[in-house]
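This report concerns only the one structure given below.
First listed ligand is number 1; within each ligand, the first listed atom is number 1. Along the sequence shown, residues carry numbers from 1. These figures come from a predicted structure and were not determined experimentally.
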Amino acid sequence: MGSLLLREWAGFQQFPSATQNKLIELLSKLKQENVNTLTILVMGKGGVGKSSTVNSVIGERVVTVNSFQSEALRPVMVSRSKGGFTLNIIDTPGLVEAGYVNYQALELIKGFLLNKTIDVLLYADRLDAYRVDDLDRQIIKAVTGTFGKQIWRKSLLVLTHAQLCPPDGLNYDVYCSKRSDALLKTIRLGAGLGKHEFEDYAVPVALVENSGRCSKNENDEKILPNGNAWIPTLVKGITDVATNKSKSIVVDKKLIDGSGSDDKGKMWIPAVIGLQWLILKWIEGAIKSDIAKDKKPY
Ligand SMILES: Nc1nc2c(ncn2[C@@H]2O[C@H](COP(=O)(O)OP(=O)(O)OP(=O)(O)O)[C@@H](O)[C@H]2O)c(=O)[nH]1
Ligand SMILES: [Mg+2]
């Protein structure tokens with residue numbers, strides 16, 4: 001990638017000036033913390049709005065959005081620079097195919113990420129879906145198995161299709177927190193996090209509305225039914241996760257080869273084998289000396 005000329009973040013100018021000002025403030029905060037690059041990974045089931053979210057954040061149509069069929073077969077990284085700051089966003093193919101976890105897609109993603117560092121994972125799903133099921137849990141489990149539990153400390157749950165009218169006259173914020181809680185619980189169970197551990201992980205939630213028909217406020221910013229301008233809020237969420245006290249996920253050969261942080265037990269294997277050998281040698285020595293004693297003439 002180093003040889004490619006880094007593109008200027010032209011899409012930034014597309015945002016209304018109120019949004020631009022908020023984003024500039026967030027970027028300068030990152031600079032103060034010596035963060036000059038952010039690499040964001042977007043993952044989730046097929047058709048939930050991953051590519052649309054990438055386009056919304058960049059402010060350009062950079063990746064393909066498809067209503068009918070999974071278009072993306074491999075991950076794509078979009079890089080943009082602005083005032084010495086580099087934003088990398090990686091769009092990925094959906095993690096579910098024909099009702100099953102798409103392990104092949106996960107392998108492809110893993111390979112693509114080799115030697116990259118993930119600062120933030122945007123785990124995307126839809127706000128306007130009413131159920132979570134076992135498949136959701138299996139996806140989380142597969143992601144955890146691939147990148148280790150630590151990935152959830154660097155995650156933001158992104159809920160798309162956020163411009164909705166909740167069913168049964170439910171209050172919008174109440175509906176949103178119900179849906180987020182259900183998904184966060186799935187993350188906790190799928191990642192195998194204990195209740196206290198999860199509090200420690202505290203995966204934040206951001207709402208997204210990618211539709212061109214999204215309502216706007218008087219400053220021309222896209223807003224949710226609760227009046228919140230969601231692009232600056234999403235970027236704020238991203239910068240909070242990027243600068244939290246947990247380390248970014250370095251995807252190196254070790255992680256790729258499947259020795260993720262979930263099987264720490266493996267490192268004890270050589271020690272246990274060594275100990276067994278010592279005990280055997282000791283027993284052998286004891287038997288030999290017994291035999292030698294037995295042979296002694298009285
Ligand atoms: N109303 C609405 N439609 C959305 C939103 N996000 C995505 N869509 C639509 O949902 C469909 C799928 O969106 P994509 O962005 O292609 O979804 P994806 O997760 O990238 O899909 P795959 O790459 O196939 O896994 C498209 O028709 C989008 O226009 C949203 O926030 N609101
Ligand atoms: Mg896509």
Worksheet item: Between Gln20 (side chain) and Phe12 (backbone), is there a donor-acceptor pair under 3.5 Å?
Response: yes
Worksheet item: With distance as the sole test, does Asp168 use its side chain to make a donor-acceptor pair with the main-chain N or O of Leu170 at under 3.5 Å?
Response: no
Item to complete: Using a strict cut-off of less than 4.0 Å between a Lys/Arg side-chain nitrogen and an Asp/Glu carboxylate oxygen, indicate whether Lys254 and Asp252 qualify as a salt bridge.
Response: no
Worksheet item: Could Asp119 and Lys154 be called an ion pair, given the rule that one side-chain N must be under 4.0 Å from one carboxylate O?
Response: no
Practice prompt. List every atom of ligand 1 that sits less than 4.0 Å from any heavy atom of Glu209, numbering the atoms from 1 in the order shown and giving each element.
Written response: 1 (N), 2 (C), 30 (C), 31 (O), 32 (N)
Discussion item. Closer than 4.0 Å to some heavy atom of Ser51 - which atoms of ligand 1 meet that?
Written reply: 15 (O), 18 (P), 20 (O), 23 (O)
Discussion item. For ligand 1 and Thr160, I'd like to know whether there is a polar contact (N/O to N/O, distance under 3.5 Å).
Written reply: no
Fill in: Arg188/Glu197 salt bridge by N-O under 4.0 Å criterion
no
Item to complete: Look at atom 29 (O) of ligand 1 and find which of Val65, Leu207, Thr64, Leu159 reaches it with the closest heavy atom.
Response: Val65
Practice prompt. Could you list the atoms of ligand 1 found under 4.0 angstrom from a heavy atom of Gly46?
Written response: 25 (O)
Worksheet item: For the Mg ion (ligand 2), does an N/O/S atom of Ser51 lie at less than 2.8 Å?
Response: yes
Practice prompt. Identify, by atom number and element, the atoms of ligand 1 in contact range of Gly94, meaning under 4.0 Å from any of its heavy atoms.
Written response: 25 (O)
Discussion item. Does either side chain, that of Thr53 or that of Asn210, offer a donor lying less than 3.5 Å from an acceptor on the other one?
Written reply: yes
Item to complete: Answer yes or no: does an N/O atom from Ala162 fall short of 3.5 Å to an N/O atom of ligand 1?
Response: no
Worksheet item: Can you tell me if Asp136 and Thr186 form a side-chain donor-acceptor pair at under 3.5 Å?
Response: no
Practice prompt. Go through ligand 1 atom by atom and flag the ones less than 4.0 Å from a non-hydrogen atom of Ser52.
Written response: 6 (N), 7 (C), 13 (O), 14 (P), 15 (O), 28 (C)
Discussion item. Whether the side chain of Gln163 engages the backbone of Leu224 through a donor-acceptor N/O pair (distance < 3.5 Å, no angle test) should be reported.
Written reply: no
Worksheet item: Under 4.0 Å from any heavy atom of Gly47, which atoms of ligand 1 are there?
Response: 12 (C), 17 (O), 18 (P), 19 (O), 21 (O), 22 (P), 24 (O), 25 (O)
Worksheet item: If you measure from the Lys or Arg side-chain nitrogens to the Asp or Glu carboxylate oxygens, is any gap between Asp125 and Arg179 under 4.0 Å?
Response: yes
Worksheet item: For Thr92 and ligand 1, does the shortest N/O to N/O distance drop below 3.5 Å?
Response: no
Worksheet item: Is Pro93 in polar range of ligand 1, meaning some N or O pair under 3.5 Å apart?
Response: no
Discussion item. Below 3.5 Å, N or O to N or O, backbone or side chain included: is there any such pair between Asp91 and ligand 1?
Written reply: no
